**Q** 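Sharing a structure below in structure tokens format, with a few things to ask.
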2 protein chains.
Amino acid sequence: MSDPPLVPPHEVDPVRLGAYFALIEVTSLLRHAIEQQLHEDGGLTFVRFQVLMRLHRSPTGSHRMTDLADAIVVSRSGLTYQAGLLEKAGLVARSPSPDDERGVTITITDAGRALLGRVLPGHEEVVGDLLFEPLSRADARALADLLAPVRDHMRAAPPRSASRRRARPTAEG
Amino acid sequence: MSDPPLVPPHEVDPVRLGAYFALIEVTSLLRHAIEQQLHEDGGLTFVRFQVLMRLHRSPTGSHRMTDLADAIVVSRSGLTYQAGLLEKAGLVARSPSPDDERGVTITITDAGRALLGRVLPGHEEVVGDLLFEPLSRADARALADLLAPVRDHMRAAPPRSASRRRARPTAEG
DNA sequence: TAGACCTGCTTCGACTTCGAAGCAACTAGG
DNA sequence: CCTAGTTGCTTCGAAGTCGAAGCAGGTCTA
């Protein structure tokens, strides 16, 4: 008798819990719907779509591989794989970076932009219907204003397993 | 000359765009950090963690497979796979549902709850540090209040490729 | 009760994803 | 110029994910 509790009881802020759960659930559902639309309308996955979008929105139409991987939050090897597929499909081109021989620059092609043109309307429709339908203009702005600092904070935070686990306020610089 | 533009120019609400991008980026980064912490602290993936959490928070400690798959937004086959792993590890048990012979009820074990107990502190730390650090209490509440209706709307929406693509207001019932 | 249909779960094959290891090219210090 | 260490990308094997197909168990209608 009197076993220690399997999950030590601790009070979790229910407001935070609700925000966290809703965030995970909303993006899971949204991503799922987006994947489906992209697949139907253009044979794309969300990752490949993000690659094309980032390149398309870049002034030069291109990026270094590593920068792109960080931007869309995917592993380097994962991006290599997807870039290979996109290249085989003629949607991007890869070339050695001019300044650094080991670097690879990935560039969107006209075919890539054309595919985006075919896929974007449906994409906007899905996002509009699912994410923004229940949100007023002010709500959308509020959401953006809440998430922007969070994103900046996460980007600034030690990218991977640095610190953590030693949250004690030590005197290290 | 005068080729048609590859991507037809259309005005996208920059506020919506910012909210959408920030949402995707924030959850991608958050999920990445969470996966890492769960793996280090308990050899769990996020999906397996979600399974255990849902079961743990259920009054009976159990769920039907299909309901659980819908709840955590994963395919049925995917859940079957993960449930197999969790069962092999002794963290859950599967049994035929009492009312419906083809249904399978999955139940968390004491070992499953114990593992949660070991993993949850680190989990809360990561979520707190990354997601909520830049947010005030009021911000967290605002975020939850914004996302709750979105979640409800998404849950209510036709789960998969229904309607869409015929957004034109036709006279069909 | 029979037949047709539907549902819940699992199996299967294809694809995606990751981290570790490998390789080429930069950089620093002598 | 060497050597050592670092950085950028790819290859490789292991694991996770999905949808389609399969199968057993329900449900409906006559």
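Chain naming here is simple, since letters A, B, ... match the order of the sequence lines and numbering starts at 1 in each. Worth saying up front: this structure is predicted, and the values here are computed from it rather than measured.
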**Q** May I ask you to test the Asp13(B)-Phe132(A) pair for a side-chain heavy-atom distance under 4.5 Å?
**A** no
**Q** Both Leu79(A) and Arg102(A) contact DNA chain D. Taking the nearest nucleotide for each, which residue is further toward the 5' end?
**A** Arg102(A)
**Q** Taking the six-membered ring for Trp, are His123(A) and Phe49(A) parallel (under 30°), tilted (30 to 60°) or perpendicular (over 60°)?
**A** tilted
**Q** Could you tell me how far apart His32(A) (NE2) and dT17(D) (P) are, to the nearest whole angstrom?
**A**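 Interatomic distance, NE2 of His32(A) to P of dT17(D): 12 Å.
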**Q** Which residue lies toward the 5' end of DNA chain C, Arg48(A) or Asp99(A), if each is placed at its nearest nucleotide?
**A**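 Whichever sits nearer the 5' end wins; that is Arg48(A).
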**Q** Please tell me which of the listed nucleotides, dC15(C), dC9(D), dT10(C), lies nearest to the side chain of Met65(A)?
**A**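 Closest nucleotide to the Met65(A) side chain: dC9(D).
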**Q** Atom NE2 of His39(A) and atom C1' of dT16(C): how far apart are they, to the nearest Å?
**A**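 Distance, rounded to whole Å: 13 Å.
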**Q** Tell me which nucleotide among dA24(D), dT10(D), dA25(C) gets nearest to the side chain of Asp100(A).
**A** dA25(C)
**Q** Flag yes if Val15(B) and Leu147(B) sit in one hydrophobic cluster, no otherwise; membership is Ile, Leu, Val, Met, Phe, Trp, Tyr, and two members link when side-chain heavy atoms are under 4.5 Å apart.
**A** no
**Q** Taking CD from Glu35(B) and P from dA15(D), how many angstroms apart are they, rounded to a whole number?
**A** 15 Å
**Q** Tell me the closest heavy-atom pair linking Pro98(A) and Thr105(A), and the distance in Å.
**A**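 So the two residues come closest at CD-OG1, 4.3 Å.
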**Q** Check whether any side-chain N or O of Arg64(B) sits under 4.0 Å from OP1 or OP2 of dT7(C), and answer yes or no.
**A**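 Answer no for this pair, as no side-chain N or O of Arg64(B) is under 4.0 Å from OP1 or OP2.
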**Q** What pair of heavy atoms forms the shortest contact from Val92(A) to Ala83(A), and how long is it?
**A** CG2-O, 4.0 Å
**Q** Does Leu44(A) belong to the same Ile/Leu/Val/Met/Phe/Trp/Tyr cluster as Phe21(B), with side-chain heavy atoms less than 4.5 Å apart forming each link?
**A**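 The answer is yes; both residues are in one hydrophobic cluster.
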**Q** Output the rounded distance in Å from CZ (Arg31(B)) to P (dC18(C)).
**A**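 Whole-Å distance recorded here is 11 Å.
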**Q** Rounded to the nearest Å, what distance is computed from the CG atom of residue Leu44(B) to the C1' atom of nucleotide dC18(C)?
**A**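 Distance, rounded to whole Å: 17 Å.
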**Q** Check this for me: does the side-chain of Ser77(B) come within 3.5 Å of the base of dG19(D) through a donor and an acceptor?
**A** yes
**Q** To the nearest angstrom, how far is Tyr81(A) atom OH from dG19(C) atom P?
**A**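 Atom-to-atom, Tyr81(A) to dG19(C), this comes out as 17 Å.
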**Q** Measure from CG on Leu85(A) to P on dA14(C) and round the result to the nearest Å.
**A**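 After rounding, the gap between these two atoms is 16 Å.
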**Q** State which of dG19(D), dG25(D), dT16(C) makes the closest approach to the side chain of Ser75(B).
**A** dG19(D)
**Q** Write down the distance between CZ (Phe46(B)) and P (dT17(D)), rounded to a whole number of angstrom.
**A** 11 Å
**Q** If you fit an axis to the five pairs at each end of the helix from dT1(C)-dA30(D) to dG30(C)-dC1(D), how big is the angle between those two axes, to 10 degrees?
**A**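 The angle separating the two end axes equals 30°.
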**Q** Between Arg76(B) and Asp70(B), is the side-chain contact (heavy atoms from CB on, under 4.5 Å) condition met? List the steps.
**A** CA-CA 8 Å; Arg76(B) 282 100 210 272; Asp70(B) 285 348; 3.1 Å; yes
**Q** So, OP1 or OP2 of dT7(D): does either fall under 4.0 Å of a side-chain N or O from Arg76(A)?
**A**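 Checking Arg76(A) against dT7(D): no side-chain N or O falls below 4.0 Å of OP1 or OP2.
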**Q** Establish, with yes or no, whether the OP1 or OP2 oxygen of dT17(D) is under 4.0 angstrom from a side-chain nitrogen or oxygen of Gln82(B).
**A**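 Indeed, a polar side-chain atom of Gln82(B) lies that close.
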